[in-house]
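Scroll down for the structure; my scribbles are underneath it.
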Amino acid sequence: MNTRNQDTRKPNEFSATLPEPAASAIPLETSAIAVPPLNSSPSTSSSLRYEDVPSHIAGDGSQNVSSYTPVNDSNTLAEPNITAEPLSVTDAIVKLLEELGVRSAFGVAGGAMASLWYSLSNSQQIQVLNCRHEAGAAFAAAEAHFVSNLPVVLFTTAGPGITNAITGLFAARGDGAKVILLSACTSAPQRGRWAIQETSDESLPRSGLFTSGILFHYGVTVESAEQIPQIARRLQLGLSQPGSFIAHISIPTNLQSVVMPIALPKFEPVQFQRTAKAETIIQAAHLLSEGSFAIWLGFGARHAAAGIRELAERTGAAVICSPRAKGIFPEDHPQFVGVTGLGGHQSVLTYMQEQQPQHILVLGTRLGEPTSFWSANMLPQKGFIHVDIDETVMGAAYPSAKTLPVQSDIRDFVNSLLTYFPNEPEQKVTFPRPETLSPQPDDVESSVPTEELVHPKALMNALQSVIDHNSDVVVLAESGNSFTWATHFLRFNRAGRYRVSTQVGAMGHAVTGVVGAAQARAGKAIAIVGDGAMLMNNEISTAVKYNLPAVWVVLNDARYGMCAQGMATLGLKGADAMLPQTDFVAIARGMGADGLSVTREADLSTALETAMAATTPFVIDVQIDPNQMAPSKGRNQGLAKLGVPTHSNAAKAVSFPVV
């Protein structure tokens, strides 16, 4: 084994700081999620804390798994205090949403939801954005949540309005957003009679689409105004839980304008404990004290950044992260080793091979294929300590690996763990560092550059300057080669600045999600996208209508780049991934936005500076060199294990999924 830069600390070096395993030794700050009271002020709602992994209230509370218990004086919800304001059904629902903290709604209206649209549009607290496609509205709603940390509404009309939104809603659930779908459905007397855009059991499957299931944590069709108090209670409790919450409230057209026979209820606040057991935290501390360990961060750890940095610096642990977790730990920190998975860094594998950590502390990631490729090279010598709010993810990606499961809020767990590591290590360890924009020769397969076209690395270098000089700009990267170039080369030093979607990985997510991000932060948001995604679905017109300062940076190579490169590298000929050459600046200007076309690397900085200074939506159409292979080696290695035929160059750059 190569011992260069190997951790030389003795086993149990930290154990001297461990107190006796008594519960009283641990400052278990009960971190609770406060359920906002209905009719509360906006400030109450905006104080909610959310994690990203979809979850349900915990199960048996057995050892090594935290209990998840609602608490207040009576340990139950207080009886409703009924107010007396008369409202229509849709007025009541909108008022309810306001008091739950909703401040934005994205969707596409239609006749079946006329009354609902009217009520939303006359809200004094919710900005309503009428988009061009329901899928784009759903992606925008999800990204608005991640910027604002507030629940967001998606609204659709009946029939195709609902079905068009499904992909975006699946992405929202997988990524950990809180989105409430309000839809219209066919009134009871018209069902089964071929109504226009009929939405009933006669036309669409009810199970899973209008009920709780894989897509919706809570789904209901409103059949009576008397249901609204129950719906209010369910939404209030669902939004209080950590992780994603996707709800569907479908309202028949004829019920939307019915006057409420009762007023909205007012509930007392409720809290939910979500901390690991004391003995579990002690066990984790003992395991981490046995020798060197690494910290593997996921998106679910984004609210614990300060504690994680302190833990890493006190223990000298190496830090690696999933693509979605970029920036939670500063990427310029000497203890940051690199990104794992799709678009990740060779430095991570170098670390695992040369320094071989005893344990890996996993914080808030499922360790799925986009994060780990399920690679055996990522297995620590003595196993994982896997901390997550969702008990179903622990050990799922690596079922044969030894794993200590810890169900807990990440921030609470890290803060408690810090008690056992009070001092920084005496000896600092040098770790491998991620590849830079001047990578090693075997990092990204390069070919002879094409004259008058932009190398994607040059584009990333120019974008890095924008990121460094605009400390709060949000950057989204689209599925495909845009994802791998951005994830591999861009660097972030703060959580919440970089967004990619891996659970669903739908094309069209970032090109539309950037509108939601710009709206929620009332400022610049940049989407790094491919030409294929830009042609599939964009909301430039929506950004123009609402004067949102979104910026699209289009990697234009007139093809589905990831597919074209993957098939060519695999030696699989005959599949056509080419696209007609498209002028995206002309499209943008035709919609009322502005833009610039870039064909030379020397013009990149000027174009980006112009886009960042623009007060209107802006598109930068970058003619990139299609011959430059994206940094996607890991996926091809998985394909080779599955027996997919490849030629000799395949190990360097293929980007296809392991399926």
Side-chain angles (χ1 to χ4, degrees), residues 106-108 129-147 152 154 156 160-175 177 179 181 215 246 323-324 342-343 370 474-487 498-520 525-544 548 550-564 577 579-580 582 584 587-588 591 593 617 619-622 655 657:
F106 300 81
V108 180
L129 294 90
N130 212 18
C131 300
R132 306 300 167 260
H133 194 279
E134 292 87 354
F139 291 130
E143 295 308 321
H145 162 75
F146 289 122
V147 169
V152 180
L154 169 67
T156 75
I162 298 170
T163 57
N164 282 347
I166 289 176
T167 300
L169 288 165
F170 268 118
R173 175 158 181 164
D175 285 353
V179 176
L181 168 63
L215 177 54
I246 310 298
R324 290 204 300 157
L342 185 60
V474 174
V475 178
L476 298 84
E478 189 64 82
S479 294
N481 281 352
S482 303
F483 178 116
T484 58
W485 285 114
T487 298
Y498 184 65
R499 272 286 300 143
V500 290
S501 177
T502 56
Q503 177 73 4
V504 173
M507 287 178 62
H509 187 134
V511 295
T512 54
V514 67
V515 173
Q519 184 273 337
I526 299 173
I528 304 170
V529 305
D531 48 354
M534 200 71 173
L535 289 168
M536 181 178 290
N537 189 12
N538 70 70
E539 293 287 342
I540 295 174
S541 175
T542 304
V544 169
L548 301 175
V551 176
W552 290 263
V553 178
V554 185
L555 280 66
N556 189 346
D557 55 5
R559 67 202 67 201
Y560 291 114
M562 178 173 278
C563 296
L579 300 171
T582 305
F584 291 101
I587 292 175
M591 293 184 180
V619 173
I620 303 177
D621 186 351
V622 184
S655 308

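Everything quoted here is computed from the prediction, not taken from an experiment.
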Ser482 (side chain) donor-acceptor with Gly530 (main chain) under 3.5 angstrom: yes
Considering residues at least two apart in sequence or located in another chain, which fulfil the ring pair (Phe, Tyr, Trp, His ring centres under 6.0 Å) criterion with Tyr498? Phe492
Check against side-chain contact (heavy atoms from CB on, under 4.5 Å), Ile246 and Leu181: CA-CA 8 Å; Ile246 310 298; Leu181 168 63; over 6 Å; no
Stepwise side-chain contact (heavy atoms from CB on, under 4.5 Å) check, Thr484 with Leu342: CA-CA 6 Å; Thr484 58; Leu342 185 60; 3.8 Å; yes
Looking at Ala533 and Glu478, what are the two nearest heavy atoms and their distance? CB-CG, 3.5 Å
I need the minimum non-hydrogen distance between Ala593 and Pro617, along with the two atoms involved. CB-O, 3.3 Å
Determine, stepwise, if the pair Glu539 / His133 fulfils side-chain contact (heavy atoms from CB on, under 4.5 Å). CA-CA 8 Å; Glu539 293 287 342; His133 194 279; 4.1 Å; yes
In the structure I gave you, are the side-chain heavy atoms of Ile620 and Trp552 within less than 4.5 Å of one another anywhere? no
Verdict with supporting geometry, Phe139 and Thr167, side-chain contact (heavy atoms from CB on, under 4.5 Å): CA-CA 9 Å; Phe139 291 130; Thr167 300; 4.1 Å; yes
Does one side chain, of Thr582 or Asp531, offer a donor that lies under 3.5 Å from an acceptor on the other? no
Checking Glu134 side chain against Thr156 main chain: does a donor-acceptor pair fall under 3.5 Å? no
Is there a donor-acceptor pair closer than 3.5 Å between any side-chain N or O of Arg324 and the backbone N or O of Asp175? yes
